[in-house]
Structures are given as C-alpha cells and as structure tokens.
> 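Pasting a structure here, questions to come.
Whatever order the structure lists ligands and atoms in, that order sets their numbers, starting from 1. For reference, positions follow the sequence shown, starting with 1. Only this structure's heavy atoms are used, side chains among them; waters, hydrogens and symmetry mates stay out.
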Amino acid sequence: MKIISVNAGSSSLKFQLFEMDNETTIASGLIERIGLEQGIVTIKYSGKKIVNNLEVKDHKVAVDILLKALFENHIIETIDEIKGVGHRIVQGGEIFDSNCLINQKVVSDILDLQELAPLHNKAHVTGINAFLEVLPNTPEVAVFDTTFHRTMDEVTYLYATPYEWYTKYGIRKYGAHGTSHQYVSSICNHLLNKKDSKIIVCHLGNGASICAIRDGKCIDTSMGLTPLEGIPMGTRSGNIDPTIFGVISKKENKTIDEILNALNKESGLLGVSGISSDSRDIEDAMKSGIKRAELAFNIQVKRIVDYIASYYVLLEGLDAICFTAGIGENSSVTRKAIVDKLKVLNIYLDEDLNKLRGQNLISSKESSVKVYVIPTNEEVMIAREVIRLANLK
Ligand code: AMP
C-alpha cells in the first residue's frame, strides 16, 4: 500500500512515498523556490537523483510536477495506487489533542492557529489544498508536531505570565518535534521492555529539542510556544532573557520582528561562531583551533546537559537517554561531550560503541542509564498514522 508523507513549507514541498507493506521509501523529493522565478525539483528513487530547474508557480503546480515525475519514472502507474496522504503540521494548539483525518473544519482550525505558527500553518494548508485538488478522493491526514506533548500538565505548560495571556491568546508551551520524540521513545521502550520507563530523547538537528517521557507519555519538553525556546540550535538562540529585546531595539533601532528574525535565523551555532549553523563546519573549525566555534559548541552542550539534569530530577530517575536527528545520529563528538558531563549521575559512554553508525547502545556496562542512538523517522510515523486514521488495513 502506497502512502505519501508531505511537509509543505511556504516556498517548498518535501515528500516521501512509502510502500507501507514493508515500510520502505520508494521515492522522495523536495520542490524548492515555489512561487519564485526558478524552482528546483529534486526527486530521488532507486538510488537515482534527478534535479530539474523550472518555474513552480504554486503548490498545486508542485503537486502536479511531483505526480508527473512519479508516473514518468514508473514509480507509480496509476493515481489510485496512492491510498493516502499524511501532512506534517507544526502547530495543533489546544484544538488538536490527536492527529486526525482532514476535512474543511480541520483546515479552518489549522488556519485559525496560524498566529501561533506564522511561518508554518498557512503553508501547510496550501499543501493540503493542493493535494485535495489533485487527489480529491484520497484520504488526507493531519499529523501535528504538538499532539505528543499534549500530556504535559498545566504546571509544566503554563508560563508565569499574566494568566489572561493564556486564556485570551493561548500563550503556553506547546513543544515541537512530537512525532520524532514519539517514534524514538517507542523504539527505546521496546528495547528497554520495562513498565513505567523513564526516557529522555535528545532530538539534535538543525532544530533541536529535548523531551522527558514517562511510560510513553511526554512529561516536559524544551521547545515552547514556538520552536525558539529551549536549547541553542543551528540558527536559533534557545532561551534568552526577554529584556534583550528592549536593549537591542534601542541600541540598533530594530523592530520586534527584526529581533525575532535574528533570534531565529542568526543566532545559535551560527551566531556565536560567526562561521556556520552546521555542526560539521563547527567541528572542523574547532579542530583548526577557532575559539568562537569551540564556544558555540560548548554553549550548546552545556544547555543540553542542563535540560538532561533537570529532566532526570523531574522523572525521578532515568532508564535511557536517546540521541536522534542529524547531530544526535551522526556527531560522536557532540554525544561524547554531553555524556562526559553526566558522570555525576553515573552515566558513562563506551567510546568504541559511540563511533558506530545507525541504531546502537552506546553506554558502557558500568553506566546506570542506557544511552542509545536511535535514528528518527518522522515521515514513516506520518504514513503509519494515515493507515490508522483512514482505516486502510
Ligand atoms: P537535521 O535537521 O536533523 O537534518 O540535522 C541537520 C544537522 O545535522 C546539520 O545541520 C548538521 O549540523 C548535522 N549533521 C549531519 N551530519 C553530521 C555529521 N556527520 N557530523 C556532525 N553533524 C552532522
């Protein structure tokens, strides 16, 4: 059974086509620069990669191009082969406490939430509508980044700001990367085979968040109203003192939006190092002895360790720490720097295991807590949700 997972951004559309009988990716691709003069269409299948530059007027055209590429390359022969479409939606607010089949009410609710995710929700709806137009009889499912975090209690999700900000405007912590945290923690639960498991998942990619999970349920997570809160990331600052807004606005004559843009796009590893948002570049620069690269790396590691330590207390102990996403899966240097700071909790790495690639236990026999690398797969989780919610089995 073939299912498409879709991640629609304001000017891009990312997809993966799965054969869900064995959960393998048959094709994947990215259509970028939608609405701009020259779009870029990249399709990958059977070890091949095709890149084309052409105008992609809007998301509907992007979906047409995607399907045409699937036909032309004989990845599918008829449109009916696609049994369902799953959409990643960043913000489900308090409206969506579970993933769901998409109908007009769901679309308008997702749009109503766009104030909480201005960059994302509107773009997701554009993607949903484009697929509805091209595949009107195929079920579409919304999978929210926030639903996994709906189990946090109010002591955890409320900010200590005027209570009316919450009741009037929904200002609270929602978290993000929920699909990834759920996927990774479910594999970890399976590996631990233990009741009432206590797990911390470190999703460390260009965007990064930490999640405390007890018995399969999110207890706390580092991202907040938006993905800007929490640990420093590739280009995001993570937590800061909001007074910085006032100071920078006066000193540099900047608006709130301009400062937010700097905190989202010019901070984190990039902002501190002045070199790059990519941890590979930071690691290379550290090897060359560039101090600000070392500083950027160390600030990120320190803040990650702060969260792990606080979640250890929150969970009243810990069974496992899982590393996932681009940095978590690939950077043995980052993993070592983090775990080396956890010795006081009797958590130790096996340095040889830490060098392996793919899913692995990387803690030593003496470690009181198991440390795993578990590659994430948000797209397959989305496709699984399509099958479950559209009752396709
Ligand atoms: P993601 O957002 O999960 O795709 O992760 C992207 C980030 O993973 C990149 O910006 C890199 O910083 C990081 N990354 C990917 N591969 C490696 C690697 N081999 N070593 C260190 N960092 C990596």
> Give the residue and atom name of whichever protein heavy atom lies nearest to atom 12 (O) of ligand 1, and the separation in Å to one decimal.
S279 N, 2.7 Å
> Looking only at distances, can you tell me whether any N or O atom of G207, backbone or side chain, sits closer than 3.5 Å to an N or O atom of ligand 1?
no
> Do E329 side-chain atoms and A325 backbone N/O form a donor-acceptor pair below 3.5 Å?
yes
> Under 3.5 Å, side chain of E133 to main-chain N/O of A130, donor-acceptor pair present?
no
> Between S367 and S363 (side chain of the first, backbone of the second, donor and acceptor by atom type, cut-off under 3.5 Å), is there such a pair?
no
> Any protein heavy atom under 4.0 Å from atom 4 (O) of ligand 1?
no
> Starting from atom 17 (C) of ligand 1, what is the nearest protein heavy atom, named by residue and atom, and what distance separates them?
N330 CB, 3.4 Å
> Strictly distance-based, threshold 3.5 Å: is any side-chain N or O of N354 a donor or acceptor partner for the main-chain N or O of I362?
no
> Okay, side chain of K83, backbone of L392: is any donor-acceptor separation there less than 3.5 Å?
no
> Under 6.0 Å from the ring centre and within 45 degrees of the ring axis: does the NZ or CZ of R172 meet both conditions for the six-membered ring of Y157?
yes
> Would one find more than 12 heavy atoms of other residues, nucleotides or ligands at under 6.0 Å from atom CD of E37?
no
> Check each atom of ligand 1 against the heavy atoms of I327 and keep those under 4.0 Å away; list them by number with element.
8 (O), 12 (O), 13 (C)
> Could you pull out, from R357, H203, E378, R280, the option with a heavy atom nearest to atom 20 (N) of ligand 1?
R280
> Go through ligand 1 atom by atom and flag the ones less than 4.0 Å from a non-hydrogen atom of A325.
3 (O)
> Closer than 4.0 Å to some heavy atom of S331 - which atoms of ligand 1 meet that?
21 (C)
> Give the residue, atom name and distance (to 0.1 Å) of the protein heavy atom nearest atom 6 (C) of ligand 1.
N206 N, 3.7 Å
> Please list, in number order, the atoms of ligand 1 under 4.0 Å from a heavy atom of G205.
1 (P), 2 (O), 3 (O), 5 (O)
> In the protein, what heavy atom is nearest to atom 11 (C) of ligand 1, and what distance, to one decimal place, separates them?
D278 OD1, 3.3 Å
> Looking only at side-chain N and O atoms, does R357 offer a donor or acceptor that is under 3.5 Å from a partner on N330?
yes
